[in-house]
Structures are given as structure tokens and as C-alpha cells.
Amino acid sequence: MPDIVLCRIDNRLIHGQVATQWSGSIGANLLLVANDEVAGNKLRQGLMDMAAPSYAQTRYWTLDKTISTIHKASPKQHIFLICETPEDVLKLVEGGVPIKKVNIGNMHMAEGKRQVAGSVAVNDEDVAAFKKLRDLGVELEIRRVPQEPAEDINKLFK
């Protein structure tokens, strides 16, 4: 069973907050970005590698590769799984990736989205994915950084 210490939704993927605050506070030594676009984009990978903490390895896998490969993880790997959207997390969970908790960090405002928390904007597809994740027993939390308290998760469903 892979040791997924946290799964975070953050449309910036690996950046300063993820590298300096989250990775250390959860004890991660592997940052795994599960994202179809980034898996084939060496430029974006290079930029994220520069932001990643020196003590952690990085991997950039497609959603399908994550589903098929994560179960081969070493027990020594403490995995911080980072996804861009709730739909991506849902695909992973439905594919058998043992995600117990999802931290919702940053989902930026865009056309067709509504702001529901300080750093979280959702559309109807996002809400549907969150409802499915909740129904599958995945714990959801809205929290930007580890030092802040979690926000009311019911904001997602209004």
C-alpha cells in the first residue's frame, strides 16, 4: 500500500507554499504531480523542480500512470500527491488510488466559476466531483497553508 501522506488540489501544482510549508509539515519525501499535461511538459517540470524542496524527489505522471504505478511505491516513500482539479482526484480514486483525505488549496477564479472560499473557486463539475469523493468516503478539507485552520467544507456545496 503506498504511503500517501496528503493529496492536495492546487492549480499551481508545485510552488512555494507546497515546497516550503506543506512538504515539511507532512513529512513528504516524494512530490508526485498527477497531471496529463505536465507529464509531457519538460519546461513546466523544470520550473517545478526549482521550487521543490531539496530533500524530496519529484515525479510527473499522467493520471493513468499514477493509477497503474503508485501501488509499486516503496514503504520508504512518503508521497505528497498533487493534482490540479477535483475531477483528476476523482479519476485517481475511482482507479484504485488509496486517497483518504484531500486538501483543497488553490482553485483560481475563472470564467464559469464562483468563489466559495478565500482561495477556492468552483464550477458545477467541480462540485459534482467533490460530492462523489465525499460519497466514496474521502475526507475533504479547505486549507491554504498548514498553520491555518480548515474552512467549512460545506462552502463547496452551496
Side-chain angles (χ1 to χ4, degrees), residues 1-39 48 56 58-73 75 77-158:
M1 190 73 123
D3 180 22
I4 300 172
V5 291
L6 185 65
C7 177
R8 177 174 169 93
I9 297 172
D10 193 321
N11 59 352
R12 298 173 294 174
L13 301 171
I14 298 176
H15 59 90
Q17 268 177 1
V18 164
T20 61
Q21 296 181 41
W22 280 106
S23 297
S25 73
I26 62 174
N29 61 15
L30 174 62
L31 279 58
L32 171 54
V33 173
N35 182 278
D36 291 344
E37 192 275 324
V38 171
M48 285 188 260
T58 56
R59 300 280 187 282
Y60 304 95
W61 291 351
T62 64
L63 297 173
D64 287 338
K65 181 173 182 177
T66 303
I67 290 166
S68 66
T69 308
I70 199 163
H71 293 283
K72 298 174 186 171
Q77 291 176 311
H78 307 297
I79 303 167
F80 186 3
L81 182 58
I82 307 158
C83 298
E84 190 171 25
T85 69
E87 293 83 3
D88 288 351
V89 175
L90 180 59
K91 181 174 180 177
L92 295 176
V93 169
E94 289 177 335
V97 177
I99 296 168
K100 305 283 184 253
K101 180 176 183 176
V102 176
N103 165 261
I104 304 152
N106 291 291
M107 294 177 61
H108 289 199
M109 185 59 130
E111 179 111 13
K113 293 198 173 214
R114 58 196 175 276
Q115 201 82 30
V116 295
S119 61
V120 179
V122 297
N123 60 24
D124 293 342
E125 292 79 24
D126 297 331
V127 172
F130 283 131
K131 284 181 179 174
K132 250 187 161 168
L133 285 165
R134 183 184 61 189
D135 292 347
L136 290 168
V138 176
E139 180 187 344
L140 303 173
E141 76 164 9
I142 300 171
R143 188 156 41 140
R144 209 172 48 85
V145 292
Q147 301 79 9
E148 292 179 356
E151 295 187 47
D152 179 7
I153 202 65
N154 291 313
K155 293 177 179 183
L156 291 175
F157 305 109
K158 293 181 179 171

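Starting from 1, each residue takes its place in the sequence as its number. Values reported hereafter were calculated over all heavy atoms of this structure, with side chains retained and with hydrogens, waters and symmetry mates removed.
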Smallest separation among heavy atoms of [X] and [Y], with atom names:
X: His71; Y: Gly96; answer: NE2-O, 3.1 Å
X: Arg143; Y: Trp22; answer: O-CZ2, 3.7 Å
X: Ile67; Y: Leu92; answer: CG1-CD2, 3.8 Å
X: Gly105; Y: Val120; answer: O-CG2, 3.8 Å
X: Leu63; Y: Asn35; answer: CD2-N, 4.5 Å

Does the side chain of [Y] come within less than 4.5 Å of [X]'s, by heavy atoms?
X: Glu94; Y: Leu136; value: yes
X: Thr58; Y: Met48; value: no
X: Val5; Y: Lys101; value: no
X: Val97; Y: Lys91; value: no
X: Ile153; Y: Ile104; value: yes
X: Ile70; Y: Leu32; value: yes
X: Glu37; Y: Glu84; value: no
X: Thr85; Y: Ile9; value: no

N/O donor-acceptor pair under 3.5 Å between [X] side chain and [Y] backbone:
X: Gln115; Y: Ala117; value: yes
X: Asn29; Y: His78; value: yes
X: Gln21; Y: Gly24; value: no
X: Asp126; Y: Pro86; value: no

Rounded to the nearest 0.5 Å, how far does [atom2] of [Y] lie from [atom1] of [X]?
X: Phe80; Y: Leu30; atom1: CZ; atom2: CG; result: 11.0 Å
X: Ile82; Y: Ser23; atom1: CD1; atom2: OG; result: 6.5 Å
X: Ile26; Y: Ile79; atom1: CD1; atom2: CD1; result: 11.0 Å
X: Asn11; Y: Cys83; atom1: CG; atom2: SG; result: 12.0 Å
X: Leu81; Y: Ile4; atom1: CG; atom2: CD1; result: 5.5 Å
X: Ile142; Y: Met107; atom1: CD1; atom2: CE; result: 9.5 Å

side-chain contact (heavy atoms from CB on, under 4.5 Å) assessment of Lys100 paired with Val93: CA-CA 9 Å; Lys100 305 283 184 253; Val93 169; over 6 Å; no

Take the angle between the ring planes of Phe130 and Phe157 and call it parallel below 30°, perpendicular above 60°, tilted in between.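 The arrangement is perpendicular - the two ring planes meet at more than 60°.
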
Picking from Arg144, Glu141, Glu139, what satisfies side-chain hydrogen bond (donor to acceptor under 3.5 Å, both in side chains) with Asn103?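 Testing each of Arg144, Glu141, Glu139 against Asn103, the sole residue satisfying side-chain hydrogen bond (donor to acceptor under 3.5 Å, both in side chains) is Glu141.
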
When you check the gap from the basic side-chain N to the acidic O, do Lys65 and Asp36 get nearer than 4.0 Å?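 No, no charged N to carboxylate O under 4.0 Å.
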
Apply the test side-chain contact (heavy atoms from CB on, under 4.5 Å) to residues Val122 and Lys155: give CA-CA distance (whole Å), side-chain angles for both, the deciding distance (0.1 Å), then the verdict. CA-CA 10 Å; Val122 297; Lys155 293 177 179 183; over 6 Å; no

Yes or no on side-chain contact (heavy atoms from CB on, under 4.5 Å) for His108 and Arg12, after CA distance, side-chain angles and deciding distance? CA-CA 9 Å; His108 289 199; Arg12 298 173 294 174; 4.0 Å; yes

Tell me yes or no: between the side chains of Asn106 and Asp10, is some donor less than 3.5 Å from an acceptor?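 There is such a pair (donor and acceptor under 3.5 Å, judged by atom type) between the side chains of Asn106 and Asp10.
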
When you look at NZ of Lys132, are more than 12 heavy atoms from neighbouring residues, nucleotides or ligands closer to it than 6.0 Å?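 At most 12 heavy atoms, drawn from other residues, nucleotides or ligands, come within 6.0 Å of this atom.
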
